[in-house]
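Below is one structure, written out as structure tokens; comments come after it.
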Amino acid sequence: MSQAKPTSKHDTIFDKPFTTPLDKAARFSFDEQVVACFPDMIRRSVPGYGQVLAMLPIFARRHCKYRQQNDNGQRVSRIYDLGCSLGGATMTLAGEFAPHDLQIKAVDISPAMTTEAKTLLSDNYPEHDIEVITADIRDIELEPCDMVILNLTLQFLPAADRVVVLENIYNALEEGGILVLTEKTHALDEQYDAWLVERYYDFKRANGYSEMEISGKRNALENVLITDTLDEHHQRLHHVGFKRHLTWFQFLNFLSIVAFK
């Protein structure tokens with residue numbers, strides 16, 4: 001089965017100059033304006049995002065062992081999609097698994113995101129056991145699960161809260177379960193980091209973003225999206241209990257890690 005693709009407006013959020021001091025102080029938020037163009041924004045702004053999504057069903061087939069039960073007592077694999085946005089990861093999995101195989105819980109703090117995600121998922125996968133939850137991932141109690149997806153989400157949390165979220169994930173995962181963690185990162189070597197950042201901006205230019213749009217989004221995300229280094233991610237995973245974790249994918253300053261319980 002192929003993944004359903006939500007329709008999307010072209011991302012033009014930052015294509016106009018700031019005109020007031022309030023505009024200059026504005027910060028990025030996942031509101032209705034972002035929701036309307038989110039698939040286009042992700043496609044043109046996140047290197048390798050499609051490849052990361054495409055690997056999720058492959059990982060799930062290897063590590064999801066139907067260790068949980070649904071409300072009908074049937075054996076399923078429970079998967080959490082934390083920071084689900086419009087449910088891209090959830091749709092990728094639902095498109096490759098039978099309805100009775102998985103129980104997916106997709107969580108996002110943005111009501112605008114979850115409202116649209118519910119519509120997309122119910123329209124495209126009405127037979128699948130998918131629950132879309134509007135909540136802060138720091139506040140929810142995770143049930144036992146085989147797999148957790150944390151795509152481009154941890155970076156939006158205060159640094160002090162990241163360990164707690166990962167501890168909760170580790171405790172919820174069954175033995176043999178996995179966490180897939182995808183993040184934007186930075187390098188400690190200033191010259192190396194500068195090269196990666198400039199090539200990232202080149203990537204955005206090649207995808208049609210103007211200098212004004214690149215600058216506008218960078219300013220809006222300042223102090224909202226706080227990156228870690230690759231080493232910081234691995235040290236944090238080890239600290240919460242994951243003994244095995246590896247970087248399986250990297251594209252410029254974006255990378256994805258799989259951690260094994």
Side-chain angles (χ1 to χ4, degrees), residues 5-55 83-86 88-89 108 110 112-113 149-159 162 180-234 236 247-257:
K5 296 182 179 180
T7 57
S8 174
K9 295 181 179 178
H10 197 63
D11 175 16
T12 58
I13 292 176
F14 300 104
D15 67 346
K16 297 179 178 62
F18 294 123
T19 57
T20 70
L22 180 60
D23 291 333
K24 294 179 181 179
R27 289 292 177 261
F28 189 90
S29 64
F30 293 96
D31 55 15
E32 288 82 359
Q33 186 182 17
V34 169
V35 167
C37 66
F38 188 73
D40 181 69
M41 178 184 291
I42 287 291
R43 180 183 63 82
R44 295 196 292 143
S45 298
V46 181
Y49 186 70
Q51 288 88 341
V52 171
L53 291 189
M55 288 300 293
C84 66
S85 61
L86 296 183
D108 203 283
S110 165
M113 284 291 185
I149 301 160
L150 199 58
N151 277 346
L152 306 171
T153 299
L154 204 64
Q155 60 200 22
F156 288 101
L157 298 181
R162 298 177 188 185
V180 180
L181 171 66
T182 307
E183 291 276 284
K184 185 179 181 181
T185 63
H186 69 271
L188 289 179
D189 184 295
E190 292 184 5
Q191 187 175 13
Y192 178 38
D193 190 61
W195 188 91
L196 286 173
V197 170
E198 284 304 316
R199 299 300 74 75
Y200 173 52
Y201 293 154
D202 286 342
F203 171 87
K204 297 184 78 169
R205 293 180 186 106
N207 281 322
Y209 281 113
S210 67
E211 299 303 318
M212 183 179 297
E213 289 174 308
I214 293 170
S215 175
K217 189 172 184 181
R218 181 177 64 243
N219 291 336
L221 286 170
E222 186 177 3
N223 298 321
V224 174
L225 191 165
I226 308 297
T227 60
D228 291 312
T229 66
L230 174 61
D231 285 345
E232 285 173 325
H233 281 297
H234 281 290
R236 191 182 291 124
T247 305
W248 69 272
F249 181 85
Q250 182 168 359
F251 193 147
L252 297 177
N253 46 355
F254 288 77
L255 56 84
S256 189
I257 297 169

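The analysis underlying the following values was restricted to heavy atoms, covering all of them including side chains, and did not include hydrogens, waters or symmetry mates. Everything numeric in this text was worked out from a predicted model, so none of it was measured.
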Spatial distance of atom [atom1] ([X]) from atom [atom2] ([Y]) [nearest 0.5 Å]:
| X | Y | atom1 | atom2 | value |
| --- | --- | --- | --- | --- |
| Tyr201 | Leu252 | OH | CG | 12.0 Å |
| Arg218 | Leu225 | CZ | CG | 13.5 Å |
| Leu181 | Leu255 | CG | CG | 8.0 Å |
| Lys184 | Ile226 | NZ | CD1 | 10.5 Å |
| Glu211 | Lys204 | CD | NZ | 10.5 Å |
| Leu53 | Ile42 | CG | CD1 | 9.0 Å |

Between [X] and [Y] (side chain of the first, backbone of the second, donor and acceptor by atom type, cut-off under 3.5 Å), is there such a pair?
| X | Y | value |
| --- | --- | --- |
| Arg162 | Gln155 | yes |
| Asn219 | Ser215 | yes |
| Thr182 | Leu152 | no |

Minimal non-hydrogen separation, [X] against [Y], with atom names:
| X | Y | result |
| --- | --- | --- |
| Asp108 | Gly83 | OD2-C, 3.3 Å |
| Asn151 | Thr153 | O-OG1, 2.9 Å |
| Tyr192 | Gln250 | OH-NE2, 4.5 Å |
| Gly48 | Phe251 | N-CD1, 3.5 Å |
| Arg43 | Phe203 | O-CZ, 4.4 Å |
| Val180 | Ser256 | CG1-OG, 3.7 Å |

field: Any donor-acceptor N or O pair under 3.5 Å, side chains Ser45, Tyr209
entry: yes

query: Does a donor on one side chain and an acceptor on the other come within less than 3.5 Å for Thr247 and His233?
result: no

message: Apply side-chain contact (heavy atoms from CB on, under 4.5 Å) to residues Asp228 and Arg236 and explain how you reach the verdict.
response: CA-CA 10 Å; Asp228 291 312; Arg236 191 182 291 124; 3.0 Å; yes

- request: Let me see the working for Phe249 and Met55 under side-chain contact (heavy atoms from CB on, under 4.5 Å), right down to the final yes or no.
  value: CA-CA 10 Å; Phe249 181 85; Met55 288 300 293; over 6 Å; no

field: Centroid-centroid distance, Tyr200 to Phe254, less than 6.0 Å
entry: yes

